[in-house]
Number of protein chains: 2
Amino acid sequence: MAKQARALATRQTVLLAAAEVFDERGYAAATMSEILDRAGVTKGALYFHFHSKQELALAVIEGQGAWIAGWEPASDSWVQNLIDLGYAFAHALQSDPLVRGSIRLTIEHGSFTQPQIAAYQGWMDLVRGLLEQARDAGDLHPGIDLVAASGVITGAVTGIQLSSQVLADRQDLIQRMADLWTLLLPGLVQPHALARLSVAERAAS
Amino acid sequence: MAKQARALATRQTVLLAAAEVFDERGYAAATMSEILDRAGVTKGALYFHFHSKQELALAVIEGQGAWIAGWEPASDSWVQNLIDLGYAFAHALQSDPLVRGSIRLTIEHGSFTQPQIAAYQGWMDLVRGLLEQARDAGDLHPGIDLVAASGVITGAVTGIQLSSQVLADRQDLIQRMADLWTLLLPGLVQPHALARLSVAERAAS
DNA sequence: GGTAGGATGCCTACTGGACGGTATGCCTCC
DNA sequence: GGAGGCATACCGTCCAGTAGGCATCCTACC
């Protein structure tokens with residue numbers, strides 16, 4: 001395992017460039033040449049680290065799992081944590097190329113059915129966990145189907161994000177997120193809990 | 001304007017095949033050869049009717065506008081009309097290849113920025129119109145931002161539809177739609193109006 | 001109503017270029 | 001001196017698009 005430092009650096013450079021190109025063009029329209037140009041490496045370097053375009057895309061998708069795994073709740077209100085998660089994700093979408101590329105690859109289905117489903121599932125599990133905690137704290141309406149709710153929330157966030165991307169290059173994503181919560185929360189949480197939440201983004205995320 | 005009948009038929013055949021392939025593969029990964037095979041026509045025929053792959057895709061996208069234009073409200077409750085619209089759209093997504101292909105092309109951004117935005121805008125305008133009627137009828141919570149709400153609703157439906165497609169090939173789309181309305185309506189309509197709505201799909205759409 | 005002539009609609013063969021991937025060799029550090 | 005890390009030249013394939021020819025039907029004039 002020699003020379004790890006340089007090798008890891010170029011690997012990371014390639015991964016980042018690939019994420020950018022995948023984000024901008026999608027999997028099929030992205031070309032290895034453009035990734036090479038943007039990364040400033042040669043074909044030999046790239047294919048040393050990733051044996052195919054597909055493997056490279058899978059590595060990008062994996063970044064999403066890493067982001068999820070790295071997120072941690074910060075509030076003692078679990079619904080608030082859910083809201084905060086949405087905003088944290090929105091900021092990641094605006095600034096982190098790896099997350100952006102990963103999301104695009106996850107969203108457009110095609111050759112990657114397996115990892116795509118896993119990615120969706122990861123989000124839904126995370127959301128469902130938060131909802132369970134919120135329910136146990138007595139914040140949710142009784143009788144809510146948590147699986148259905150987590151599906152709706154992840155789906156809705158996916159769509160909000162997508163439309164924001166197409167219509168405004170994700171510039172208005174934070175605002176749309178706030179709009180979503182405004183509409184969604186009354187059907188989810190009980191009034192007494194609703195009063196304690198800040199739907200708009202909180203400082204220091 | 002001679003021989004319209006046969007020409008129109010092949011044009012329609014090509015359009016349908018193209019919609020199917022675009023739906024399954026996306027724009028970039030779709031190949032003209034596959035469209036030709038599926039349509040059972042030759043290159044000459046296709047390129048006689050559509051001068052390029054891009055033009056063909058645009059024609060498919062146009063089908064979406066036609067669907068929107070063809071839809072008509074049937075209830076005297078405007079919120080109910082909104083719900084019904086969602087279900088009608090869901091059924092179209094399950095059965096109408098043109099709508100399926102059109103949606104996929106609209107959703108994946110890339111070369112079509114202009115018509116994509118137009119398509120989104122068409123949906124949002126339609127939804128906003130329904131919401132305005134509902135507001136004027138006194139069904140909505142006072143102070144609701146209709147533009148924001150229509151953005152959230154179209155975005156959420158987009159996402160619901162997409163996740164249903166990736167996870168279950170749109171098999172559970174109707175159920176997810178119901179889940180969405182269950183969560184969304186309490187934040188949108190007033191209780192007295194809510195009581196009069198059927199959130200689940202109504203017979204005879 | 002028969003036929004010339006022309007447009008419409010379609011077919012087949014081809015082309016140039018780009019793309020993903022490979023083979024082979026060189027440099028550098030342990 | 002050997003393996004890890006990378007550079008370069010090359011290859012086969014496939015793809016969007018084109019060129020040019022051919023059949024079919026409509027129109028017009030006799």
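These numbers come from the heavy atoms of this one structure, side chains and all, not from hydrogens, waters or symmetry mates.
- The minimum heavy-atom distance linking B:Ser164 with B:Gln171 is given by the pair OG-N, 4.3 Å.
- Side-chain contact check for A:Leu130 versus A:Gln133: every heavy-atom pair is 4.5 Å or farther apart.
- A:Phe48 places its CZ atom 17 Å from the P atom of C:dT28, with the value rounded to the nearest Å.
- Atoms CZ (A:Phe50) and P (C:dT22) sit 16 Å apart, rounded to a whole Å.
- In this structure, B:Leu36 places its CG atom 12 Å from P of D:dG17, rounding to the nearest Å.
- C:dG21 atom C1' lies 14 Å from atom CD1 of A:Ile35, rounded to whole Å.
- In this structure, B:Glu55 places its CD atom 13 Å from C1' of D:dG17, rounding to the nearest Å.
- Rounded to a whole Å, the CD atom of B:Glu34 is 9 Å from the P atom of D:dC15.
- Counting heavy atoms from C-beta on, the side chains of B:Val166 and A:Thr106 never come closer than 4.5 Å.
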statement: Per-nucleotide protein contact along nucleotides 12-20 of chain C, 5' to 3', at a 4.0 Å heavy-atom cut-off (B base, S sugar-phosphate only, - neither), is B------SB

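- Under the ring-ring contact (aromatic ring centres under 6.0 Å, His included) criterion, B:Tyr120 pairs with no residue, sequence neighbours left out.
- Atom pair A:Leu46:CG and D:dA7:P shows a separation of 11 Å (rounding to whole Å applied).
- Judged purely by atom type and a 3.5 angstrom limit, B:Arg25 has no side-chain atom pairing as donor or acceptor with the backbone of B:Ala30.
- B:His51 has no side-chain polar atom (N or O) that falls below the 4.0 Å cut-off from OP1 or OP2 of D:dA16.
- Look at CZ on B:Arg11: it is 12 Å from P on C:dC10, rounded to the nearest Å.
- Between A:Phe22 and A:Tyr27, the angle of the ring planes stays under 30°, which puts this pair in the parallel group of the 30/60° scheme.
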